[in-house]
Each structure stands twice: as structure tokens, then as C-alpha cells.
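Since we're looking at a predicted model, the values are computed, not measured.
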Amino acid sequence: MPFSFSTALSGLRASSNSLSVTGNNIANSNTVGFKSGATSFADIFSNSLGTRLNGAGGAVQIGNGVRTTTTITNFSQGVLNDSNSPTSAAIQGNGFFVVADKAGALGFTRAGDFTLNQDGFLVSSGGQKVQGYAAVNGAIPPGTAITALQVPIGETMAPVETTQATLRINLNSADATGAEFHAPVNVYDSKGVAHTLDMVFTKQADGSYLMRATLDGAAAETSVNGGAASAAPVAVNFDANGMLIAPISLSIVPDQTPLAGANLAAVEINLRQTNADGSPGASNFTNFAATSAVGSTAQDGFGPGTLSGLGLSADGNGTLFGVFSNGQTRAIGQFALAMFNSQQGLRHMGGNLFGETPSSGQPSIGSAGSGGRGGVVGGALEQSNVDIATEFTDLIVAQRGFQANSRVINTINQTIQDLLQNI
């Protein structure tokens, strides 16, 4: 009879633990990156009634109740929701973000609600610095050790001088002799000042064209097929199908005088497209019976710019880019993701953090998308994976278990009272 009280009491404790776990899940149903838990139970070692055996030769045993063996964490993927913050990130797949506290101790989290602190470091909601691989001159060097990711707030990007330009131009074959067509494109000098480079095509009686170039209205020289620069107009010829025959290559050499101490070297005009194998493709200049027009322009220079925003790469590799006011982007760093041999061995540290234990094994840290690690989605947050319907069902089950064990205690108590009254 004394064992009956302890058996029912163990049931009350187990049911209470289950209620606590379920209540914690419900409380964190809106916590970013939260992983729900489930309680696991096991029976307590049974007592044998002496050495008696039943008819089948087995010992007569009575259980001593139940105990809580572990709380199993559900690491299934949570739903990804859009976030208005450019520093937010979510993991699609396996892995954990790596963060470090002031002492350098590492923690691991699925919550990507990161922000920038006053020094430009990317930090978690608890203030830990997010770890990753720092970029050098816009590229992530191979073999780089992880470090705290820092955004260079207020950084100014130096201008880049234009060296080549691509224009998709059609010159109307039906135009009259002497007709002129202007094909302008903006280019940048070494100080980042924009200039207008204009190619003027004049129709000739034989159907060819003469092209002369200007920079901000000042005459520019041209280099044809790798020859010396000259102020003479360039002959532009097309075949019967309206495709460019000559020149093979063309560079425009601006007059340096109006550049006010800056430099703008020869600008190569890409006359043909480039095939996937690197060979010359279709002509960028055509001579069809359609309105003369510039379909598109592109060049490789740009002016100075200041850091104005952040973004994450769309391919999921976790590269953090700085967006500059001149429209350029530059890699700042790349998120590091950690994997463990046993996720269930991780310990809960609070603050959406998990910690390494001997049961989990050491973290294997690498870039997103490598070694089975998931991808990183920018501008999104992983929501809690708590299923409210399931939790309420578990809540009812735990409550009924608690009530039933309470009833057992009441019944044993009443039985003992009846026994004492009959003594």
C-alpha cells in the first residue's frame, strides 16, 4: 500500500512536467525561430513480490510509477514570413546561425531577427555578435576564419573609370543619304564625373556610314582595328543582311583637356556580343529597315557612392551586400552556419540560443548551402514551429492525466481510512 502513494505522485509529477512543456510551447508560439518540445516518459523499475513466480515462470512485479526521461526538441522547419528589415535572415533547411558573446563564447540560433549596433556590428536580439566570413575588396577569400560581421557604416565607394561600353544600335537602311543619327552614352572619368560620349553616324550614298565621336561636344579621336588613334571619321559597313562587317574593333580616345585634371583613357566599344564559350557573337550594330534607335547601353564605370542599404544574395549562400547610392553593390561578408552530429544533444540557453554539449558534439561551421547546410533567405524570419491545435490537444491529455492521478491518491486515501476504521 505505501508504494501506491509514490506511484500516483510520480504520475502527478510527470503530468505536471508535460503541462509545463506544453505551456512553454504555447507561450512561445510567436517567438521567432522557436522550436517546440515534447515530453518523453518511462516507467520506473518494478518491484518483485518476493521470489514468487507465476504459472508461466515469470516473476510477479508491480510498477512503481512513471518518470520524465527527456524533453525532445522538434527541429522541423518553421514557416518563413517576410520582414521589413534588410538585416533579417532565415535559414531554409539545416543549420544554425553562429553568434558570440562579449567573452567570445559561441551560441547557436535559428532566430535571424538581427540588427546593427552603434559600431555597425550585426547583432542578435540578445546583443551577441553574428559570426561569418568577412569580405576583402568585395570578395570572400577562401579559407577565411569566422569573425564578427561588421557593416562599414558611412563608407564611400571610390569611382571607377569607364574602359568599355556596349550599345545596341540599329541604323535605318531606308534613311536618305546625309541623314545623321546620334548614339550617346554616359561615361565616367577617374574622379567619377559623368560625361556624354556621343557617336554620330552619317549615311553615305553607297549605304555605308561615317562615324565621328565627341565627348561633351569636344571632338574625340578613334582607334580602328588596333591602329593608332586618329581624328578621321570611321567607315562603318554592313552586309546584305544588315550585319556589321567593319570595323572589327573600335576604341574612342577622348580629348583629355576638358577633364579638369581627371583621366579618361580609351573607351572600347563592344561591337559584338559574346557567346557562352567566349567566341564573338551577333553584331551589336545592325542596318535593318527599321527606325534608327539605341536599344540599350551599358558601360563599366560609375561615380562615387556612399553606403545606403543592405541586402542578401538571392541564391541562398548567405552573402551580405552593401548597396551604395551610385547603384553599385559590394559584398560585405557571408553568414556562417553550424551543423551538429546530434541536434537533440544541444542545451537550451534561453534567448533563442542553443549551446554545445558533449552529447551534441562539436559544431561543424561552414558557409550556407555547403555540407548539407541550408540556404539563407534575406528579408525573412523563421516563425515558431509550434502547432497550436496539437498543443491544446496535448494540454487536455496532460490535464486528464493529472486529474486521474489525483483521483488515485484520493482513492488510496479513502481505502486507508476504511481500513483504519475497521481495525
Side-chain angles (χ1 to χ4, degrees), residues 3-46 61-81 90-97 107-113 124-126 339-357 359-361 374 380-413:
F3 297 107
S4 300
F5 276 112
S6 62
T7 299
L9 182 59
S10 71
L12 287 176
R13 289 171 177 167
S15 297
S16 177
N17 290 338
S18 181
L19 285 169
S20 297
V21 170
T22 303
N24 183 61
N25 290 342
I26 294 174
N28 286 281
S29 59
N30 292 316
T31 301
V32 174
F34 179 77
K35 299 303 178 184
S36 61
T39 310
S40 180
F41 303 107
D43 63 331
I44 297 177
F45 179 77
S46 300
Q61 296 178 316
I62 298 177
N64 277 348
V66 64
R67 62 187 175 90
T68 303
T69 57
T70 185
T71 301
I72 301 172
T73 303
N74 175 15
F75 284 102
S76 64
Q77 179 74 50
V79 175
L80 303 189
N81 285 351
I91 300 174
Q92 180 73 56
N94 297 323
F96 299 84
F97 293 114
F108 310 93
T109 182
R110 294 281 295 195
D113 48 346
S124 68
S125 58
M339 295 273 286
F340 293 89
N341 291 339
S342 173
Q343 294 184 134
Q344 291 297 333
L346 294 170
R347 67 185 173 94
H348 294 256
M349 300 170 61
N352 291 333
L353 292 178
F354 294 92
E356 172 192 347
T357 69
S359 297
S360 68
L381 290 174
E382 182 183 5
Q383 303 304 301
S384 169
N385 66 354
V386 172
D387 184 339
I388 291 295
T390 299
E391 298 304 327
F392 275 117
T393 301
D394 292 343
L395 192 65
I396 294 172
V397 171
Q399 181 186 23
R400 293 306 182 198
F402 193 94
Q403 290 175 338
N405 282 284
S406 299
R407 194 65 171 269
V408 171
I409 291 178
N410 289 334
T411 300
I412 294 173
N413 180 57

| How are the rings of Phe75 and Phe96 set to each other: parallel, tilted or perpendicular (split at 30° and 60°)? |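 Aromatic pair Phe75/Phe96 classed perpendicular.
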Does [Y] offer a backbone N or O that forms a donor-acceptor pair with the side chain of [X] under 3.5 Å?
| X | Y | result |
| --- | --- | --- |
| Gln77 | Gly93 | yes |
| Asn25 | Gly37 | yes |
| Glu382 | Gly78 | yes |
| Gln383 | Leu381 | yes |
| Arg110 | Ile91 | yes |
| Thr411 | Arg407 | yes |
| Asn24 | Ser20 | no |
| Lys35 | Asn385 | no |
| Glu356 | Gly345 | no |

Cut-off 3.5 Å, side chains only: do [X] and [Y] have a donor facing an acceptor?
| X | Y | answer |
| --- | --- | --- |
| Asp394 | Thr22 | no |
| Thr70 | Ser40 | no |
| Thr109 | Asn352 | no |

| message | Are Phe340 and Phe354 an aromatic pair, judged by ring center distance below 6.0 Å? | response |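 Centroid distance Phe354-Phe340: not below 6.0 Å, so no.
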| field | Close side-chain approach of Ser18 to Phe41, heavy-atom, < 4.5 Å | value |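 In contact.
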| said: I want to check something: taking the side chain as every heavy atom from C-beta on, are Thr357 and Leu346 in contact at a cut-off of under 4.5 Å? | reply: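 Contact flag for Thr357/Leu346 side chains = no.
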| said: Quick check: closest heavy atoms across Ala398 and Leu19, and the distance to 0.1 Å? | reply: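 Shortest heavy-atom contact: CB-CD2, 3.6 Å.
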| request: Any chance you could lay out the side chain to side chain donor-acceptor pair (under 3.5 Å) test for Thr68 and Asn17, step after step, and finish with the verdict? | output: CA-CA 8 Å; Thr68 303; Asn17 290 338; 2.9 Å; yes
| query | Can you list the steps and then say if Thr73 with His348 is a side chain to side chain donor-acceptor pair (under 3.5 Å)? | reply | CA-CA 10 Å; Thr73 303; His348 294 256; 2.9 Å; yes
